[in-house]
2 protein chains.
Amino acid sequence: MPQTSSKKKISRNTISRLSLYLRELTRLEQDGKKAISSSDLAELTDLTDTQVRKDLSHFGQFGISGTGYEVSKLKEAVRNILGKDKVLDVILIGAGNLGMALLSYPAFREQGFSIKAAFDIDTRKIGNKTSEIEICDIEKVQEFLKKDKVKIALLAVPAFSAQKITDTLVNCGIRCILNFAPIVLRVPDEVVVSNVDLSKELEVLSYFLRTAE
Amino acid sequence: MPQTSSKKKISRNTISRLSLYLRELTRLEQDGKKAISSSDLAELTDLTDTQVRKDLSHFGQFGISGTGYEVSKLKEAVRNILGKDKVLDVILIGAGNLGMALLSYPAFREQGFSIKAAFDIDTRKIGNKTSEIEICDIEKVQEFLKKDKVKIALLAVPAFSAQKITDTLVNCGIRCILNFAPIVLRVPDEVVVSNVDLSKELEVLSYFLRTAE
DNA sequence: AATTGTGAACCTCTTCACAGCT
DNA sequence: AGCTGTGAAGAGGTTCACAATT
């Protein structure tokens, strides 16, 4: 099997932390900061200096001994690692309360994500327009994905219909799903799912609230 | 220091998984299922049977050798562990797009969480009512928390104001924060924060999309 | 003098393997 | 026979400690 570049498998936690670094580096650059040390970056992200250096070391050597990291250079490097050097196209499935909030969430565009289309099953919603995006019939998602090779889907539908739609999406070439439905999705190995589960997060808080008493 | 019960510290991941178990157990109970084995529960949550048993073993012995677990009994046990035997009161800070979506998110009430009040800084929004909740001036949150001892806050405000409001909330007795702002919040040790960071999740997907190519 | 990059040590979480229970 | 509960082993992730670099 031909291996393009890095052999070692990088953990999801490492990638999550890279995302935090990118956020802080972007702020630092805007604030006109030129250089930063691993310990200062750790301070900003509530991590340790070694953790920062170890994370970065998986992808190359970006620092200067005695000086630290050049902010804009490191920012670009992390952007590239995360695949954010180009705009990422996504589609939205489900135009309920949550879906509509996602549509009008300005941070998406600012962060380099572009919602190309939105779909819903509810005929009363179809045809509505928000933030330049028209809501289309879910039946047309297959047709859409045949033309437009979007790889990422935001899934904001009720739990009971999430698996069925997921199967369709995967069949049509979707490779990444950001799932808001409170259900464990079944997907082939090559498809990546991230879950945003508000109830789960609240239950975690609830547990720690109780144990702290 | 008097220790109520268990000494050992339970990891956040374990608690997250308990939340998944609770979800599936609730479904199983609704479907009329009486008993379930650790391997079947593992199948439903995409985990391993040993993981399920190990997680539960931290809190006691709930199963019957040779038979498995009684669904409704285990469900109640997990509910209690997570502190969901009583309704959990929360307040909402920030009534923008996301905040409003949270207000009208029916799953909250269904899952035993109750939004007691909502606050915003924007005078145009103050006074509006959604789902029986009136949006109040953020200036009144201190006064509110003096009377109503809510311990959990949903923080859906822009990143630039998140830390300042957090400081106020913590001073007024808030102990748990579900943070939607893309920023690492500084809080005292006794305060627990969970983060919901859409950009981070998308960046993780973006990374895995790129490496899969 | 300050800071990076990294092997080794350490720690935490997951999985194995099996004794013991129903 | 089937399944739980758990000590021990294994895997994975984090931190330590320091040589190397500017």
Side-chain angles (χ1 to χ4, degrees), chain A residues 6-21 24-25 28 33-75 77-78 81 184 204 207-208, chain B residues 6-21 24-25 28 33-78 81 184 204 207-208 211:
Chain A
S6 60
K7 256 194 170 71
K8 53 195 174 226
K9 188 147 162 281
I10 309 292
S11 81
R12 193 177 269 243
N13 281 350
T14 300
I15 305 302
S16 280
R17 287 191 298 264
L18 285 184
S19 174
L20 296 186
Y21 304 152
E24 294 306 326
L25 288 166
L28 288 165
K33 199 125 196 312
K34 295 295 176 215
I36 188 161
S37 67
S38 57
S39 58
D40 286 352
L41 189 50
E43 174 75 28
L44 290 172
T45 49
D46 207 19
L47 299 165
T48 65
D49 57 341
T50 346
Q51 182 78 80
V52 171
R53 295 202 299 279
K54 185 66 99 180
D55 284 340
L56 295 175
S57 77
H58 292 122
F59 303 95
Q61 307 194 163
F62 306 100
I64 305 153
S65 297
T67 309
Y69 301 88
E70 207 182 300
V71 170
S72 58
K73 205 178 123 211
L74 185 58
K75 192 204 81 173
V78 177
I81 293 166
V184 177
V204 171
Y207 170 83
F208 286 110
Chain B
S6 59
K7 258 194 168 69
K8 52 194 176 228
K9 188 145 162 283
I10 309 292
S11 82
R12 193 176 268 243
N13 281 350
T14 299
I15 304 302
S16 281
R17 287 191 298 265
L18 285 185
S19 175
L20 295 187
Y21 304 151
E24 294 306 326
L25 289 166
L28 289 165
K33 200 125 196 311
K34 294 297 175 211
I36 189 163
S37 68
S38 59
S39 58
D40 286 353
L41 189 50
E43 174 73 29
L44 290 171
T45 49
D46 208 19
L47 299 165
T48 65
D49 56 342
T50 348
Q51 183 79 81
V52 171
R53 295 202 298 279
K54 185 67 99 183
D55 284 341
L56 295 175
S57 76
H58 293 122
F59 302 97
Q61 306 194 163
F62 305 100
I64 305 155
S65 298
T67 309
Y69 301 87
E70 207 182 300
V71 171
S72 58
K73 204 178 122 208
L74 184 59
K75 193 204 81 175
E76 280 311 308
V78 177
I81 293 165
V184 177
V204 170
Y207 170 82
F208 286 109
T211 54

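Here is how names work: the chains are called A, B, and so on, in the same order as the sequence lines, proteins then strands, and each is numbered from 1. The figures that follow rest on heavy atoms only: side chains count, while hydrogens, waters and symmetry mates do not.
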| What residue pairs, at least two apart or across chains, pass side chain to side chain donor-acceptor pair (under 3.5 Å) with a residue in residues 34-44 of chain B? |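 Checked against side chain to side chain donor-acceptor pair (under 3.5 Å) - neighbours excluded - the pairs reaching residues 34-44 of chain B are B/S37-B/S39, B/S38-B/R53.
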Between A/T67 (side chain) and A/G63 (backbone), is there a donor-acceptor pair under 3.5 Å?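 No; judged by distance alone, with no hydrogens or angles, the pair does not exist.
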Return the set of residues passing side-chain hydrogen bond (donor to acceptor under 3.5 Å, both in side chains) with A/Y69 (not counting sequence neighbours), or none when no residue passes.
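Testing A/Y69 for side-chain hydrogen bond (donor to acceptor under 3.5 Å, both in side chains), a comparison that skips the adjacent residues, returns none.
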Are any non-hydrogen side-chain atoms of B/I15 and B/L18 less than 4.5 angstrom apart?
->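 The answer is yes; the side chains approach within 4.5 Å.
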Fill in: Contact list for DNA chain D against residues 33-41 of chain A - heavy-atom distance below 4.0 Å
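Output list: empty, so none.
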task = For B/D49 and C/dT14, give me the distance from atom CG to atom P, rounded to whole Å.
result =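 Roughly 14 Å, once rounded to whole Å.
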### Query
When the distance from NZ of B/K9 to P of C/dC11 is rounded to whole Å, what number comes out?
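For the pair B/K9 NZ and C/dC11 P, the rounded distance is 15 Å.
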Rounded to whole angstroms, how far apart are CG on B/L74 and P on D/dT4?
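Result: 11 Å.
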Pull out every protein N or O sitting under 3.5 Å from an N or O of nucleotides 15-22 of chain C, one pair per line with the distance.
| unit_1 | atom_1 | unit_2 | atom_2 | d |
| --- | --- | --- | --- | --- |
| C/dT15 | OP2 | B/T48 | OG1 | 3.3 |
| C/dG20 | N2 | B/S65 | OG | 3.3 |
| C/dT22 | O4' | B/S65 | O | 3.1 |

Can you confirm whether A/E24 sits close enough to A/L20 that some side-chain heavy atom of one is under 4.5 Å from a side-chain heavy atom of the other?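 Contact flag for A/E24/A/L20 side chains = no.
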- Heavy-atom distance under 4.5 Å between the side chains of B/I36 and B/L44, does that happen here?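 Contact flag for B/I36/B/L44 side chains = yes.
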- [ ] Just jot down the side-chain hydrogen bond (donor to acceptor under 3.5 Å, both in side chains) partners of A/S11, sequence neighbours excluded, or say none.
- [x]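 A/T14.
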Rounded to whole Å, please give me the gap between CG in A/N13 and P in C/dT14.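 The answer, rounded to whole Å, is 11 Å.
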- Gap between atoms NE2 and P, on B/H58 and D/dG7 respectively (whole Å):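 Distance, rounded to whole Å: 11 Å.
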| request: Take B/F62 and A/S11, find for each the nucleotide of DNA chain D with the closest heavy atom, and name the residue whose nucleotide sits nearer the 5' end. | output: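 Checking each residue's closest nucleotide, the 5'-ward one belongs to B/F62.
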Decide side-chain contact (heavy atoms from CB on, under 4.5 Å) for A/V78 and A/F59; before the verdict, give the C-alpha distance in whole Å, the side-chain angles of both, and the deciding distance to 0.1 Å.
CA-CA 9 Å; A/V78 177; A/F59 303 95; over 6 Å; no
Practice problem: Would you kindly give the CG-to-P distance between A/L56 and C/dT6, to the nearest whole Å? | Solution: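 Distance, rounded to whole Å: 11 Å.
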Would you kindly give the CG-to-P distance between A/D55 and C/dG5, to the nearest whole Å?
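Taking CG of A/D55 and P of C/dG5, I get 12 Å after rounding.
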Residues forming a side-chain hydrogen bond (donor to acceptor under 3.5 Å, both in side chains) with B/K75, sequence neighbours excluded: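 B/K75 satisfies side-chain hydrogen bond (donor to acceptor under 3.5 Å, both in side chains) with B/E29 once adjacent residues are dropped.
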Distance below 4.0 Å between A/Q61 side-chain N/O and C/dT6 OP1 or OP2: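 Yes, because at least one side-chain N or O of A/Q61 sits under 4.0 Å from OP1 or OP2 of C/dT6.
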May I ask you to say what B/R12 touches in the nucleic acid, namely base, sugar-phosphate or nothing, with a heavy-atom cut-off under 4.0 Å?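 It contacts nothing in the nucleic acid.
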- Task: Please report, rounded to the nearest Å, how far the P atom of D/dC16 is from the CG atom of A/L47.
- Result: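 Rounded to the whole Å, the gap is 14 Å.
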- Can you find a side chain N or O atom of A/Y69 that sits less than 4.0 Å from OP1 or OP2 on C/dA2?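 False: A/Y69 side-chain N/O out of range (4.0 Å or more) of C/dA2 OP1/OP2.
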